[in-house]
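Structure first, commentary second.
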Amino acid sequence: VLAGSVRWSGNRLRLTCRLTNVATGFQIWSESYDREMAGVFELQDEMTRSIVEKLKVAWVDRLHPRRPHDLEAYHHCLRGRFYWSKRYQGGLSKAMEEFQAALTRDPEYALAYSGQADVYAFLGLYSLMPPQIAFNRAKEAADKALAFDDTLPEAHTSLGLIALSARWDWPAAEVEFMRAIDLDKTQALAHMYYAWLLALADRRSEAMVAIKRAQDVDPLSPLVNSGAGWMYFLLRD
């Protein structure tokens, strides 16, 4: 078990953490860090390397390059996802502004391109833009995300949604959703969209499993729970 505390004052971050073997109760490792907030991502990588080394975890290949170098870009991306989840025209417009602000600060930030892809996809789904134009732009943004990071699960989720919604290409959508889940099993949206696909394909029992996995990942999410409602509607339940 990894435990610790974080104290934040101004631009300074003090973090203490300890790794404990719960079987024996003995502390395996502990460390304190005192850094500038601007270096929070480097600190996260440093901590990860230290913990992996102590655990001797064989299945960790590399640290994932999803995080930006710029803290403000990260904050813009978080705000973008917040506004995107509101699912109305004003929220989607604001989300696009935030994702673009993230890319202005970090033009190679794959997660922000994936965010843009999802905004365009829902602009098309809701006919707030001509759907063909919206879905084409969504595909372009998702492809850019994968060009910078082909192991980004969110980008594969975006491509799956586009294949499902724009082309009704169910085999292609399933490949993308399964790729996203294989990369990160905590991708609630990938599980949720996959449940929609399974419901449309009348694979009822599989759909029920997929939506339960989405809810297990994020049980209090209005987005996931309303998505579960949509799946039941598709099943005529």
Side-chain angles (χ1 to χ4, degrees), residues 77 80-96 98-100 110-147 150 152-184 187-204 206-215 217-218 221-237:
C77 208
R81 279 296 171 188
F82 170 79
Y83 288 116
W84 171 80
S85 71
K86 299 304 176 184
R87 292 290 199 276
Y88 74 104
Q89 186 169 15
L92 292 172
S93 297
K94 184 65 176 174
M96 186 65 79
E98 293 290 350
F99 290 129
Q100 187 56 54
L111 204 57
Y113 281 115
S114 177
Q116 284 191 329
D118 288 348
V119 172
Y120 279 124
F122 276 88
L123 288 172
L125 278 166
Y126 295 162
S127 296
L128 297 172
M129 282 182 66
Q132 185 173 358
I133 294 174
F135 284 122
N136 286 342
R137 291 183 183 177
K139 178 71 162 53
E140 290 172 5
D143 286 342
K144 282 183 181 179
L146 290 175
D150 62 0
L152 184 69
E154 289 87 348
H156 288 285
T157 300
S158 301
L159 283 178
L161 177 63
I162 295 162
L164 175 64
S165 304
R167 303 193 308 274
W168 282 59
D169 187 342
W170 294 354
E174 184 165 16
V175 167
E176 295 296 345
F177 293 144
M178 294 306 295
R179 176 59 174 154
I181 292 166
D182 182 57
L183 288 166
D184 182 359
Q187 289 293 306
L189 291 179
H191 288 296
M192 184 183 79
Y193 298 150
Y194 187 39
W196 295 355
L197 183 155
L198 294 167
L200 289 166
D202 201 27
R203 293 159 62 181
R204 189 181 191 91
E206 293 174 84
M208 301 288 281
V209 170
I211 202 62
K212 183 179 185 305
R213 287 174 176 162
Q215 291 176 302
V217 169
D218 201 351
S221 166
L223 200 61
V224 171
N225 288 315
S226 62
W230 179 245
M231 184 213 70
Y232 285 115
F233 172 79
L234 294 174
L235 292 173
R236 300 296 184 263
D237 186 350

* I would like to know whether Tyr113 and Glu140 meet side chain to side chain contact (heavy atoms under 4.5 Å, CB included); could you show each step before the answer? => CA-CA 9 Å; Tyr113 281 115; Glu140 290 172 5; over 6 Å; no
Donor-acceptor under 3.5 Å ([X] side chain, [Y] main chain):
X	Y	value
Ser114	Glu154	yes
Ser226	Leu223	yes
Arg167	Leu164	no
Trp196	Leu234	no
Asn225	Ser221	yes

* Asked: So Arg203 and Glu174, salt bridge (charged side-chain N to carboxylate O under 4.0 Å, His left out) or not? Walk me through it.
  -> CA-CA 13 Å; Arg203 293 159 62 181; Glu174 184 165 16; 3.1 Å; yes
* Asked: Do you know the tightest heavy-atom contact between Ala142 and Ala117?
  ->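 Ala142 and Ala117 have their closest heavy atoms at N-CB, 3.7 Å.
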* Where Ala155 and Ala145 come nearest, the two heavy atoms and their spacing ->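 So the two residues come closest at CB-CB, 3.8 Å.
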* Derivation of the side chain to side chain contact (heavy atoms under 4.5 Å, CB included) call for Phe135 and Leu125 -> CA-CA 9 Å; Phe135 284 122; Leu125 278 166; 4.0 Å; yes
* Lys/Arg cation over aromatic Tyr83: Arg81, 6.0 Å, 45° cone ->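 Geometry flag: not set, cation outside 6.0 Å or 45°.
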Would you mind reporting whether [Y] and [X] have side-chain heavy atoms less than 4.5 Å apart?
X	Y	result
Met192	Ile211	yes
Tyr126	Gln89	no
Val217	Val224	no
Met231	Met208	yes
Lys139	Tyr120	no

If you measure from [atom1] on [X] to [atom2] on [Y], what distance do you get to the nearest 0.5 Å?
X	Y	atom1	atom2	answer
Thr157	Gln187	OG1	CD	5.0 Å
Asp169	Ile162	CG	CD1	12.0 Å
Ser158	Leu152	OG	CG	8.0 Å

* To do: Classify the ring geometry between Phe122 and Trp84 as parallel (under 30°), tilted (30 to 60°) or perpendicular (over 60°).
  =>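 If you compare the ring of Phe122 with that of Trp84, the planes turn out perpendicular.
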* Between Phe177 and Tyr194, what is the ring plane arrangement, given parallel below 30°, perpendicular above 60°, and tilted in between? ->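 Aromatic pair Phe177/Tyr194 classed tilted.
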* Should we count CH2 of Trp170 as having more than 12 external heavy atoms under 6.0 Å? ->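 Count over threshold, so yes.
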* Should we count CG of Asp237 as having more than 12 external heavy atoms under 6.0 Å? ->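 Above 12, so yes.
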* Among Gln116, Met129, Gln132, find the one that has a side chain to side chain contact (heavy atoms under 4.5 Å, CB included) with Arg137. =>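 Result for side chain to side chain contact (heavy atoms under 4.5 Å, CB included) with Arg137: Met129.
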* To do: Please assess Asp143 against Leu159 for the test side chain to side chain contact (heavy atoms under 4.5 Å, CB included), listing each intermediate value before the final yes or no.
  => CA-CA 8 Å; Asp143 286 342; Leu159 283 178; 4.0 Å; yes
